[in-house]
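Take a look at the structure set out below.
Small disclaimer: the values here were computed from a predicted structure and weren't measured.
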Amino acid sequence: MAELQEVQITEEKPLLPGQTPEVAKEAELAARILLDQGQTHSVETPYGSVTFTVYGTPKPKRPAILTYHDVGLNYKSCFQSLFQFGDMQEIIQNFVRVHVDAPGMEEGAPVFPVGYQYPSLDQLADMIPCILQYLNFSTIIGIGVGAGAYILSRYALNHQDTVEGLVLINIDPNAKGWMDWAAHKLTGLTSSISEMILGHLFSQEELSRNSELIQKYRNIIARAPNLDNIELYWNSYNNRRDLNLERGGDITLKCPVMLVVGDQAPHEDAVVECNSKLDPTQTSFLKPGKLTEAIKYFLQGMGYMASSCMTRLSRSRTASLTSAASIDGSRSRSRTMSQSSESGTLSSGPPGHTMEVSC
């Protein structure tokens with residue numbers, strides 16, 4: 001029986017001339033390790049070079065999962081703990097993943113020269129087609145945090161046919177108003193870039209506690225060798241245009257959308273407003289709960305996850321909301337959206353369960 005199995009394997013995967021079965025197995029193992037580590041690529045676009053890392057192999061008739069990180073982070077610091085969590089392994093096995101680093105945010109990125117014109121968020125969105133063309137991918141499911149959520153939304157508005165679904169965490173679809181602009185300028189006179197970005201990533205309550213996690217991210221950002229690049233990305237985010245979403249109008253996200261935010265997160269009101277502008281039959285809203293399970297349900301609803309592998313998600317954790325007013329009267333305000341690297345949950349509990357998606 002063992003001999004028959006060896007013959008079958010040899011027929012399906014012929015050895016190269018002079019290659020022994022042992023060498024072939026070692027090569028296959030090395031290839032698998034390489035896929036587990038991810039393969040990093042860079043492509044030129046009309047707005048400069050962009051770097052991205054691919055994990056896994058494309059699956060027939062399945063979109064790729066494409067992620068985009070927030071300001072002050074890169075794909076590893078934003079998403080690595082989420083995708084390493086045990087409950088995400090089923091998703092990892094069934095989808096190829098593309099993790100995009102905003103220009104100058106990838107590990108080891110050189111500092112841009114003085115006077116460099118960093119792309120706008122709209123231009124960052126326009127880089128995505130170049131990535132998909134390079135990889136020969138036709139459709140994606142996007143997962144974005146903060147600035148990355150905005151970028152993926154802008155891309156989806158311009159390329160509806162290539163986006164099958166979006167998971168948008170802490171999205172603010174609005175341009176800064178005059179009051180916001182003035183407050184931002186005033187804060188810039190008294191606070192460092194790293195402190196302003198921390199105020200974007202965490203709630204004031206979390207910052208006041210100054211937990212080990214806050215200190216960790218403060219050190220990561222303040223001591224980043226590419227801090228000047230981070231500031232350019234930060235400036236582009238603060239100069240974003242309004243997405244002008246309109247429920248039932250011409251400008252809206254037509255794919256299934258899952259909005260995620262934590263109680264009293266810095267952008268809670270913006271996410272609630274975004275929800276009010278989207279089609280309620282296509283949109284779900286997640287507040288503190290089990291994020292990994294919610295993502296599985298979201299993919300299941302799109303026909304990509306077997307229901308037999310799922311456990312029931314509490315109805316209170318996800319709900320389609322029809323307007324901002326429908327939630328304003330009932331929501332409690334506890335603390336920001338938190339991703340625990342150990343539990344895979346959006347926590348509204350004690351400190352130490354924050355930002356490791358870093359969402």
Over all atoms of both residues, closest heavy-atom pair of Ser153 and Leu253: O-CD2, 3.8 Å
side-chain hydrogen bond (donor to acceptor under 3.5 Å, both in side chains) contacts in which one or both residues fall within residues 248-260, not counting sequence neighbours: none
Gap separating the OH atom of Tyr217 from the CD1 atom of Ile197, nearest 0.5 angstrom: 13.0 Å
Check: Arg240 side chain, Tyr150 main-chain N or O, donor-acceptor pair, under 3.5 Å: no
Gln282 side chain to Asp279 backbone, donor-acceptor under 3.5 Å: no
No-hydrogen, no-angle side-chain donor-acceptor test under 3.5 Å, Asn239 and Ser236: no
Short side-chain to backbone donor-acceptor contact, Glu106 and Gly104, under 3.5 Å: yes
Flag if over 12 foreign heavy atoms under 6.0 Å of CG, Asp161: no
Side chain Glu231, main chain Leu227, donor-acceptor under 3.5 Å: no
Candidate pair Thr162 and Thr139, rule side chain to side chain donor-acceptor pair (under 3.5 Å), full reasoning: CA-CA 4 Å; Thr162 67; Thr139 60; over 6 Å; no
Over 12 foreign heavy atoms within 6.0 Å of CD, Gln133: no
CD/Gln215: more than 12 non-hydrogen atoms of other groups inside 6.0 Å: yes
Arg247 side chain to Leu278 backbone, donor-acceptor under 3.5 Å: yes
Separation of Leu213 CG from Asn210 CG (nearest 0.5 Å): 10.5 Å
Residues Ile151, Met127; criterion side-chain contact (heavy atoms from CB on, under 4.5 Å); working and verdict: CA-CA 10 Å; Ile151 291 167; Met127 290 180 170; over 6 Å; no
Distance, nearest 0.5 Å, that separates CD1 of Ile91 from CD1 of Ile295: 5.5 Å
Pair Arg209 + Glu205, salt bridge at N-O below 4.0 Å: yes
Between CG on residue Leu157 and CG on residue Leu245, distance to nearest 0.5 Å: 6.0 Å
Leu259 vs Cys274, side-chain contact (heavy atoms from CB on, under 4.5 Å): CA-CA, chis, key distance, verdict: CA-CA 9 Å; Leu259 298 173; Cys274 181; 4.2 Å; yes
Pairing residues for His200 by the ring-ring contact (aromatic ring centres under 6.0 Å, His included) criterion, not counting sequence neighbours: Trp234, Tyr237, His267
Worked check of side-chain contact (heavy atoms from CB on, under 4.5 Å) between Ile128 and Val100: CA-CA 9 Å; Ile128 295 177; Val100 181; 5.6 Å; no
Step-by-step ring pair (Phe, Tyr, Trp, His ring centres under 6.0 Å) determination, Tyr75 to His69: CA-CA 6 Å; Tyr75 94 82; His69 62 86; 8.4 Å; no
Student check: side-chain heavy atoms of Thr67 and Arg97 closer than 4.5 Å: no
Check: Val271 main-chain N/O paired with Asn275 side-chain donor or acceptor under 3.5 Å: no
Side-chain heavy atoms of His41 within contact of Val54, under 4.5 Å: yes
Any donor-acceptor N/O pair, Thr283 side chain to Pro280 backbone, under 3.5 Å: no
Min side-chain heavy-atom separation Val260-Phe285 under 4.5 Å: no
Considering all heavy atoms, the nearest Tyr233-Leu121 contact: CE1-CD2, 4.0 Å
Main-chain N/O of Ala270 paired to Asp172 side chain as donor or acceptor, under 3.5 Å: no
Pairwise distance CG(Leu73) to CD1(Ile230) - rounded to 0.5 angstrom: 8.5 Å
Side-chain (Glu206) to main-chain (Ser203) donor-acceptor, under 3.5 angstrom: yes
Closest approach of Lys290 to Asp87 (non-hydrogen atoms, all atoms of both residues): NZ-OD2, 2.9 Å
Interatomic distance, Leu201 atom CG to Asp70 atom CG [nearest 0.5 angstrom]: 5.5 Å
Flag, side chain of Gln89 to backbone of Phe83, donor-acceptor distance under 3.5 Å: yes
Arg62 to Phe95 six-membered ring, cation-pi geometry met (6.0 Å, 45°): yes
Closest approach of Asn229 to Val111 (non-hydrogen atoms, all atoms of both residues): OD1-CA, 3.5 Å
Check: Asp101 and Phe52 side chains under 4.5 Å, non-hydrogen atoms: no
Sub-4.5 Å side-chain heavy-atom contact between Tyr47 and Pro103: no
Heavy-atom closest contact (Gln204 atom, Gly199 atom, distance): NE2-CA, 4.5 Å
Student check: side-chain heavy atoms of Cys130 and Pro46 closer than 4.5 Å: yes
Salt-bridge contact Lys277-Glu246 (side-chain N to carboxylate O under 4.0 Å): no
Verdict with supporting geometry, Phe298 and Leu286, side-chain contact (heavy atoms from CB on, under 4.5 Å): CA-CA 11 Å; Phe298 182 69; Leu286 177 68; over 6 Å; no
Chi angles and distances behind the side chain to side chain donor-acceptor pair (under 3.5 Å) call for Thr53, His99: CA-CA 5 Å; Thr53 304; His99 296 290; over 6 Å; no
The single option from Leu66, Leu132, Ile131 passing side chain to side chain contact (heavy atoms under 4.5 Å, CB included) against Phe137: Leu132
Test item: Leu168 and Val257 side chains (from C-beta on) under 4.5 Å apart, heavy atoms: yes
Qualifying residues under ring-ring contact (aromatic ring centres under 6.0 Å, His included), relative to Tyr68, sequence neighbours excluded: none
Nearest heavy atoms of Ala125 and Tyr155, plus distance in Å: O-CD1, 3.6 Å
Residue pair Val98 / Tyr55, side-chain heavy-atom distance below 4.5 Å: no
Salt bridge flag under 4.0 Å for residues Arg154 and Asp126: no
Glu273/Asn174 under side chain to side chain donor-acceptor pair (under 3.5 Å): CA gap, chis, key distance, verdict: CA-CA 9 Å; Glu273 181 182 351; Asn174 305 313; 3.2 Å; yes
Geometric class of the Phe112/Tyr116 ring pair [parallel <30°, tilted 30-60°, perpendicular >60°]: parallel
